[in-house]
Amino acid sequence: MLLRAAEVDRKLYSTEGNRAVLRNFFAAIVLAAGLATPATAADPNPQSWESVLAEAEGQTVYWNAWAGEPRINAYIDWVGREVEARFGVQLNHVKLTDTAEAVSRVVAEKAAGTNEGGAVDLIWINGENFASMKRNGLLMGSPWAVGLPSFALTDPERNSAVLSDFTVPTDGLESPWGKAQIIFYYDTADISEPPRSMTALLDWAKANPGRFTYPLPPDFLGSTFLKQALIDLLVDKAPLSRPVGEADFAAVSKPLWDFIDALHPNLWRQGQAFPNNSADLRRLMADGETSVAFAFNPSEASSAIANKELPDTVRSYVLAGGTIGNVHFVTIPFNAAHKAGAMVVANFLLSPEAQAMKQDPKVWGDFTVLAVDRLDAAEKARFEALDLGIATLTPAELGASLPEPHPSWMEAIEKEWAKRYTAQ
C-alpha cells in the first residue's frame, strides 16, 4: 500500500510550481519532523516526501478536532479510513467541544517539560487559538505546511487567504483545509423577505419574538455572530483590523452591546437559554421553533435539505453589507509524537479527492481551498460533478467575504459577553 501511495503522491511533483515550493521548504520540513536526511534548497529530492510516508506508516495520529456536527464527524471518519488504507496511518479523532481544550493540553505538556511524545498530533484550528499557540512557541517550528506536496494546489500566489489566519500570517505553521463564509437561511414558507442587516434583524425579531437565536458563546458560531453584528453595526471598522489593545474597546463595542441588550428579550426562550452549536441551531428550525438561522458554511441549508433535516422551502442569503469569511486550518504542536503521520493526514486533506468529497453537500458542504481552475481535467471534473443544492448561493450571490477582525477581538468580545449575560 505504501508503494502505491508514494506513486500517487509522486505525481504532485510534476509541475514546476510544486517543485519551486519544495525547493524552498523541504529541508525545513524534514529537519523539523526529525525524519530522514533532508533535500537541499538547491537540489530538491522527491524521495524526501517518500521518507515522510515511510516514517508515517504504522503511526496513530491523534487529531484533536471540534465534534459538534455529525456530518463533520462522519467526514473525519472517512478520512481516517482513507489514510489507513493508502498510507498505513491510523487516525484517532479526539472529539472536542472547544479547540481551547487541545491548546490547554499542549500548554500543560510544555509546562511539564514534555518536549516530545506529546498527546496531540494535529489540531483543527484558527483564529485566536492559532495566534496564541504561535505567540507562545507551541507549534512545530519550521514552515512544514507550505512544503506539503498538495499545498501548491491552493495557488497561494493568487489565494493569499491560505497564508493568513484572522490577519495573523501563518508562516507555514498551519495547513489550510476548508473555506467558510457566514450565510443566513430562512424558510420561505414562513417569510417572504428576510432581514438583510443586523438592524433589520432586530426589528424582525421584535415583530416575531422567539423565532431567532444564536449559539452560546464561546461556541465558534455564536462568537462569530457577535463579530458579524459588530462589523455590521460599526461605521468605522478600521479598529477591528488591529489588536484590541490599540482601540478603546468600550467605545468600539458599545453598538454591539446595545444591539444584544435589545435583541435578547426577543430571542428563543427570551435569551435565557441558547443552543450549543450549529447542529442545535439547525434542529430548532427543523422543529419549527425558529424561522431564521445562520451557519459558517454556504452549503449548510442545501446539505440539511439533502439529508432530510430541513424542508426544501429553505433558502440562503447574506447580509447586504457582506458577511465574514475565513479559511480554517490544521496545525501540528511542537512536541507532537507523530509529526510524519500528521503531515500525511494534512496533505491528504488537501488532495482534490478529499476536498471534493468535503464540498459535497450530502457529505459536509465545506468549500474547497484549492484553485479548481488550475487543476487538471480529471480533478476539475470532481468539482464540476458536484450538485451544490437548491439553497447554495453562487459565488456572485455570496459576494466578497468580509475579513475577520484581529483574533484579540474575539477573545475580548467573548469575555465581555460572559460578564454581561451569563448571570441571566
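Computed from a prediction, not measured in an experiment: that's the story for all the values here.
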Nearest 0.5 Å, what's the [atom1]-[atom2] distance between [X] and [Y]?
| X | Y | atom1 | atom2 | value |
| --- | --- | --- | --- | --- |
| I332 | L139 | CD1 | CG | 9.5 Å |
| F130 | T331 | CZ | OG1 | 6.0 Å |
| L375 | E384 | CG | CD | 9.5 Å |
| E289 | T213 | CD | OG1 | 10.5 Å |
| L230 | I413 | CG | CD1 | 5.0 Å |
| Q355 | D360 | CD | CG | 13.0 Å |

Main chain of [Y], side chain of [X]: is a donor-acceptor contact present, judged purely on distance under 3.5 Å?
| X | Y | result |
| --- | --- | --- |
| N159 | D155 | no |
| S408 | V244 | yes |
| N266 | A262 | yes |
| D232 | Q228 | no |
| W268 | A273 | no |
| N73 | A67 | yes |
| S132 | N129 | no |
| D280 | N276 | yes |
| S303 | S299 | no |
| T394 | E397 | yes |

Flag the pair [X] and [Y] as a salt bridge only when some basic side-chain nitrogen lies within less than 4.0 angstrom of an acidic carboxylate oxygen.
| X | Y | result |
| --- | --- | --- |
| D203 | K206 | no |
| E309 | R71 | yes |
| E82 | R86 | yes |
| D258 | K254 | yes |

Parallel, tilted or perpendicular, judged at 30° and 60°: which one describes the rings of [X] and [Y]?
| X | Y | result |
| --- | --- | --- |
| H328 | W124 | tilted |
| W177 | W63 | perpendicular |
| F348 | W78 | tilted |

Next on the checklist: Please evaluate residues V344 and W49 with respect to the criterion side chain to side chain contact (heavy atoms under 4.5 Å, CB included), reporting the C-alpha separation (whole Å), side-chain torsions for both, the decisive distance (0.1 Å), and the verdict.
Outcome noted: CA-CA 9 Å; V344 168; W49 182 249; 4.3 Å; yes

Checklist entry - Is it the case that more than 12 heavy atoms not belonging to E116 sit under 6.0 Å from its CD atom? => result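 No, the 6.0 Å shell around CD holds no more than 12 heavy atoms from other groups.
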
Assess, by modelled atom type and distance only, whether the side chains of [X] and [Y] contain a donor and an acceptor separated by less than 3.5 Å.
| X | Y | result |
| --- | --- | --- |
| D165 | T170 | no |
| T114 | E109 | no |
| R211 | S291 | yes |
| S223 | E414 | yes |
| E416 | W257 | no |

Checklist entry - Among K95, E101, H93, R105, which residue meets the side chain to side chain donor-acceptor pair (under 3.5 Å) test with N64? => result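 The option that passes is R105.
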
Next on the checklist: Consider side chain to side chain donor-acceptor pair (under 3.5 Å). Of N326, T167, T224, which one does E404 pass it with?
Outcome noted: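 Result: among N326, T167, T224, N326 is the only option passing the side chain to side chain donor-acceptor pair (under 3.5 Å) with E404.
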
Would you check if [X] and [Y] make a side-chain contact, meaning some heavy-atom pair closer than 4.5 Å?
| X | Y | result |
| --- | --- | --- |
| R374 | R158 | yes |
| L234 | V252 | yes |
| L388 | S302 | no |
| T199 | F259 | no |
| L370 | P352 | yes |
| K237 | I231 | yes |
| D236 | P239 | yes |
| I324 | F225 | no |

Shortest non-hydrogen separation from [X] to [Y] and the atoms involved:
| X | Y | answer |
| --- | --- | --- |
| V120 | I123 | CG1-CG1, 3.4 Å |
| A391 | S316 | O-OG, 2.5 Å |
| A119 | Y62 | O-CB, 3.6 Å |
| P311 | D187 | CG-OD2, 3.7 Å |
| P195 | L319 | O-CD2, 4.0 Å |
| R382 | A356 | CB-CB, 3.8 Å |

Checklist entry - So which of D366, L221, I183, T323 actually passes side chain to side chain contact (heavy atoms under 4.5 Å, CB included) with F296? => result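 Filter result, single survivor: L221.
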
Checklist entry - Is the F334 to W144 ring centre distance short of 6.0 Å? => result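 No.
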
Checklist entry - Taking the six-membered ring for Trp, are Y214 and H264 ring centroids under 6.0 Å apart? => result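 They qualify: ring centres under 6.0 Å apart.
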
Item to check | Candidate pair W417 and F274, rule ring pair (Phe, Tyr, Trp, His ring centres under 6.0 Å), full reasoning | outcome: CA-CA 13 Å; W417 189 96; F274 295 85; 5.7 Å; yes

Checklist entry - What do the steps show when you test K110 against L138 for side chain to side chain contact (heavy atoms under 4.5 Å, CB included), and what is the final call? => result CA-CA 8 Å; K110 185 172 185 178; L138 299 175; 3.4 Å; yes

Item to check | Sole candidate of F184, Y185, F294 that passes ring pair (Phe, Tyr, Trp, His ring centres under 6.0 Å) when paired with Y317 | outcome: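 When F184, Y185, F294 are each tested with Y317, the ring pair (Phe, Tyr, Trp, His ring centres under 6.0 Å) holds only for F184.
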
Checklist entry - How far apart are the C-alpha atoms of T97 and W66, what are their side-chain angles, what is the distance that settles it, and do they pass the side chain to side chain contact (heavy atoms under 4.5 Å, CB included) test? => result CA-CA 6 Å; T97 57; W66 180 71; 5.6 Å; no

Item to check | Stepwise side chain to side chain contact (heavy atoms under 4.5 Å, CB included) check, R315 with I390 | outcome: CA-CA 8 Å; R315 293 294 183 271; I390 59 175; 3.5 Å; yes

Checklist entry - Excluding sequence neighbours, so at least two apart, what forms side chain to side chain donor-acceptor pair (under 3.5 Å) with T60? => result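 Side chain to side chain donor-acceptor pair (under 3.5 Å) check on T60 returns Q90.
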
